[in-house]
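This report concerns only the one structure given below.
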Amino acid sequence: RKEMTTPSPTHSDSSGSSKHDSNQDSWEIVEGLRGVPASMQEPDRQEGFLLKRRKWPMKGWHKRYFVLEKGILKYAKRGTDLKKGKLHGCIDVGLSVMSIKKKAMCIDLDTEDNIYHLKVKAPELFEEWVTKLRHHRVFRQNEIATYPHERHLFNPHASSSPSLNETLRKVSCCFLDLTQPRSQLGQRKKSQVSHNYHLRSSFAQLTSNYHQECPGGSHSLVHQVSNESKASIPESISEFFDAQEYLLSSSSSENEVRHFILPYSLLLLISNFSPLVGSMLTLPRRRSTLPSPSPTSSVSLWNILKNNIGKDLSKVAMPVQLNEPLNTLQRLCEEMEYSELLDTANRTQDPYQRMVYVATFAISAYASTYHRAGSKPFNPVLGETYECDRPDKSFRFIAEQVSHHPPVSACHSDSRNFSFWQDVRWKNKFWGKSMEIVPMGTTHVTLPAFGDHYEWNKVTSCIHNILSGQRWIEHYGEMSIKNINGDACQCKVTFVKARSWSSTVNEIEGVVTDSNGKVVHSIFGKWHESVFQGDPPSATCIWRANPMPVDQDQFYGFTQFAVELNELDSPLRPLLSPTDTRFRPDQRLLEEGNTEGAEEQKQRIEQLQRERRKVLEDNNMAHQPRFFKKSNNDTWVSNNTYWELRRDPGFTKMDFPVLW
């Protein structure tokens with residue numbers, strides 16, 4: 001439900017925060033975030049009654065109760081209505097043009113769809129609200145700049161988010177306007193700020209922070225422009241969107257525009273939607289295949305395993321021919337392939353339905369293993385790290401090998417919509433024909449919109465036909481998912497163990513129950529294909545696995561997401577920690593098809609690890625992980641330093657052990 005708009009007041013013509021003659025009570029446009037996105041403290045919550053101008057065609061003002069939190073301004077008739085979820089409206093102040101009139105104590109928020117006219121009666125209260133709105137607006141804009149794909153505000157009155165076609169229509173209009181000469185654009189009046197808003201919201205919705213980090217430390221959201229134009233560009237991010245008309249390089253003509261870098265899937269849609277827009281955009285290329293297919297192996301597994309039946313295989317050295325060109329840290333990152341399920345969960349009001357999405361995400365983590373029974377991942381050396389920054393999926397991931405004996409891998413991923421972390425250790429046992437992998441540890445997910453904190457266990461995995469025949473993998477056992485911050489519901493998912501007389505394999509079934517144990521939702525499906533909610537034949541598909549790449553059987557059975565994990569391009573290389581898996585030579589050589597060189601490097605790297613361990617032992621020292629720490633319950637959690645150190649001072653200025 002949209003409110004009717006009222007005519008916008010005449011604002012200052014300045015693109016920044018400006019005033020008219022001091023004798024007049026003129027509108028002042030409030031500036032926003034200046035400089036680059038950074039870690040910011042969340043501002044305090046502000047609430048109370050304000051006067052809001054009635055919707056057209058009614059006149060006058062009425063009192064409404066407003067709550068400002070995390071850059072989102074909600075209002076209702078009374079404070080109790082807000083607590084019950086009965087909202088009259090919701091305003092994202094970070095994506096609004098904010099103007100104030102001090103003498104009249106008026107505040108205007110232009111959100112494109114509506115212009116909200118607010119008024120405060122007391123001068124002290126007016127200053128308090130303006131100050132808080134400034135702080136929340138900057139905080140919210142910082143969030144948007146950091147996570148541009150998660151800028152959507154959940155609207156409790158809307159049945160769905162804005163359609164992609166509508167977004168693309170706006171983007172097309174904006175890009176078409178950008179092709180006009182600067183002389184024409186410069187003639188526009190400030191009263192036309194609502195076109196500017198179309199550009200701002202559409203651009204923020206579709207673009208991602210694929211910006212290049214320059215040696216000089218520039219993280220500007222706009223590309224470098226000529227010195228002549230620089231003086232005209234406002235510094236605040238709130239005016240960045242108005243400054244898109246300056247996206248001209250120093251060597252280009254006035255009628256040319258820069259190429260924008262957008263996620264690949266959106267670009268395909270945009271290109272089909274508008275050839276003109278498509279011709280102006282640059283596709284961010286991710287590789288679609290590995291450099292070399294998987295080599296044939298002549299290694300006799302029986303000679304390696306015959307003396308280790310019933311033993312833990314984590315201490316048994318394996319030849320590199322049995323490996324795939326990814327390691328365990330990257331395997332943990334593969335669990336994030338379907339992170340959009342958590343994005344959806346964080347936008348779902350009903351707690352039982354949220355649990356369905358979280359449970360489906362936990363199930364989807366096993367999908368990539370279906371074609372991977374033929375090889376094993378590299379074991380990370382102590383102190384090895386791996387990062388995955390995916391603006392197109394709106395998450396960042398970091399993992400580190402925090403212990404060698406026993407081997408423990410810890411990881412953490414954060415997003416606007418969730419946090420995900422776990423530390424995992426495995427026991428691998430060979431039973432003569434099959435190898436059983438028993439994981440230990442707990443997986444955690446938090447959803448900030450509701451304060452939920454979910455925990456669950458992993459199930460047992462087993463690789464069959466180790467020595468002869470077609471190898472295949474199955475997962476079995478019970479996964480228990482609970483929200484430790486609430487007892488409204490819980491979920492149990494059973495990974496069904498295959499029977500030799502049954503053709504059903506890879507099946508899962510689960511139930512979401514309330515606090516009394518009553519079943520609210522049921523799910524079923526196959527962990528490598530899809531998950532459905534409800535009862536057949538009217539069940540709804542909640543998730544379906546992505547299609548496999550062509551010739552995947554020749555490339556280790558990798559999914560497209562797995563193919564991209566070890567890619568190392570020139571812009572990324574100087575940003576990574578020297579301990580990052582992408583720099584590991586034995587894994588890189590195997591990826592390139594050089595098994596002989598990979599085996600040689602693998603043995604050298606393992607020897608280096610033994611030498612480092614001996615030095616620590618001789619000096620009575622223990623290894624200290626760089627980016628993770630022990631928590632109170634003896635689990636490994638992120639110390640929240642990785643991304644800050646990556647940016648300032650940068651890993652090239654830090655000392656790291658030589659791992660390879």
Side-chain angles (χ1 to χ4, degrees), residues 208 210 261-269 271-272 282-297 320-341 360-361 363-378 386-395 397 413 461 463 470-475 505-506 525-531 541 543-569 572 581-582 584 587-595 598:
S208 62
Y210 281 95
I261 304 178
L262 303 180
Y264 183 78
S265 56
L266 283 176
L267 287 167
L268 293 179
L269 289 171
S271 299
N272 292 332
T282 300
L283 298 178
R285 298 291 184 185
R286 293 187 185 275
R287 66 184 187 182
S288 59
T289 188
L290 296 177
S292 175
S294 50
T296 55
S297 175
V320 78
Q321 289 95 329
L322 300 179
N323 286 7
E324 63 182 24
L326 288 178
N327 80 350
T328 300
L329 303 180
Q330 292 165 313
R331 275 281 188 105
L332 291 178
C333 187
E334 282 194 76
E335 297 183 20
M336 303 301 301
E337 179 171 0
Y338 301 99
S339 61
E340 62 269 17
L341 288 163
T360 305
F361 170 78
I363 295 166
S364 74
Y366 293 88
S368 65
T369 66
Y370 180 66
H371 297 281
R372 306 279 277 281
S375 55
K376 62 177 286 293
F378 276 80
Y386 177 73
E387 75 156 61
C388 184
D389 187 6
R390 291 296 295 254
D392 57 323
K393 289 180 171 287
S394 300
F395 73 75
F397 174 94
S413 179
S461 303
I463 302 176
Q470 180 67 40
R471 290 181 197 163
W472 61 282
I473 188 169
E474 72 167 330
H475 309 286
V505 292
N506 305 343
K526 295 195 173 187
W527 53 258
H528 73 297
E529 285 183 350
S530 52
V531 172
C541 184
W543 163 81
R544 193 177 298 279
N546 292 326
M548 293 295 294
V550 178
D551 299 330
Q552 53 82 19
D553 56 325
Q554 299 179 34
F555 294 90
Y556 304 92
F558 279 7
T559 64
Q560 177 56 38
F561 188 70
V563 167
E564 299 166 359
L565 289 177
N566 204 49
E567 186 175 9
L568 180 61
D569 55 19
L572 182 63
T581 297
R582 293 176 182 86
R584 184 167 172 163
Q587 187 171 307
R588 183 65 63 187
L589 286 168
L590 179 61
E591 182 184 90
E592 295 169 352
N594 185 349
T595 54

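Note: hydrogens, waters and symmetry copies are ignored here, and every other heavy atom, side chains too, is used. Numbering of residues begins at 1 and proceeds along the displayed sequence.
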Could you tell me whether the side chain of [X] and the main chain of [Y] form a donor-acceptor pair under 3.5 Å?
{"X": "Ser292", "Y": "Glu591", "result": "no"}
{"X": "Arg588", "Y": "Arg582", "result": "yes"}
{"X": "Lys376", "Y": "Leu322", "result": "no"}
{"X": "Arg287", "Y": "Val563", "result": "yes"}

To the nearest 0.5 Å, what is the distance between [atom1] on [X] and [atom2] on [Y]?
{"X": "Glu564", "Y": "Ser288", "atom1": "CD", "atom2": "OG", "value": "9.0 Å"}
{"X": "Glu337", "Y": "Ser368", "atom1": "CD", "atom2": "OG", "value": "6.5 Å"}
{"X": "Phe397", "Y": "Cys333", "atom1": "CZ", "atom2": "SG", "value": "4.5 Å"}
{"X": "Leu590", "Y": "Leu290", "atom1": "CG", "atom2": "CG", "value": "9.5 Å"}
{"X": "Arg584", "Y": "Leu329", "atom1": "CZ", "atom2": "CG", "value": "9.5 Å"}
{"X": "Phe361", "Y": "Trp543", "atom1": "CZ", "atom2": "CH2", "value": "11.5 Å"}

Is there a side-chain contact between [X] and [Y] in this structure, where contact means two heavy atoms from C-beta onward sitting under 4.5 Å apart?
{"X": "Leu565", "Y": "Glu334", "value": "yes"}
{"X": "Ser461", "Y": "Thr369", "value": "no"}
{"X": "Glu474", "Y": "Trp472", "value": "yes"}
{"X": "Lys526", "Y": "Tyr370", "value": "no"}
{"X": "Asn506", "Y": "Tyr366", "value": "no"}
{"X": "His371", "Y": "Phe558", "value": "no"}

Using the test side-chain hydrogen bond (donor to acceptor under 3.5 Å, both in side chains), find all partners of Thr581 that sit at least two apart in sequence or belong to another chain.
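Listed in chain order: Asn327, Glu384.
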Determine whether Glu387 and Leu572 satisfy the following criterion, side chain to side chain contact (heavy atoms under 4.5 Å, CB included), listing intermediate values before the conclusion.
CA-CA 11 Å; Glu387 75 156 61; Leu572 182 63; 4.1 Å; yes
Where [X] and [Y] come nearest, the two heavy atoms and their spacing:
{"X": "Ala373", "Y": "Ile463", "answer": "O-CG2, 3.9 Å"}
{"X": "Phe395", "Y": "Ser339", "answer": "CD2-OG, 3.5 Å"}
{"X": "Arg331", "Y": "Ser375", "answer": "NH2-O, 4.3 Å"}
{"X": "Glu324", "Y": "Pro377", "answer": "CG-CA, 3.9 Å"}

With Arg544 via side chain to side chain contact (heavy atoms under 4.5 Å, CB included) - residues at least two apart
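Scan of Arg544 (side chain to side chain contact (heavy atoms under 4.5 Å, CB included), adjacent residues dropped) gives Ser530, Phe532, Cys541.
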Between Gln560 and Asn546: side-chain donor-acceptor atoms closer than 3.5 Å:
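Side chains of Gln560 and Asn546: no pair found under 3.5 Å.
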Using distance alone, with no hydrogens and no angle criterion, decide if Asn566 and Gln330 have a side-chain donor and acceptor under 3.5 Å apart.
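A donor-acceptor contact under 3.5 Å links the two side chains.
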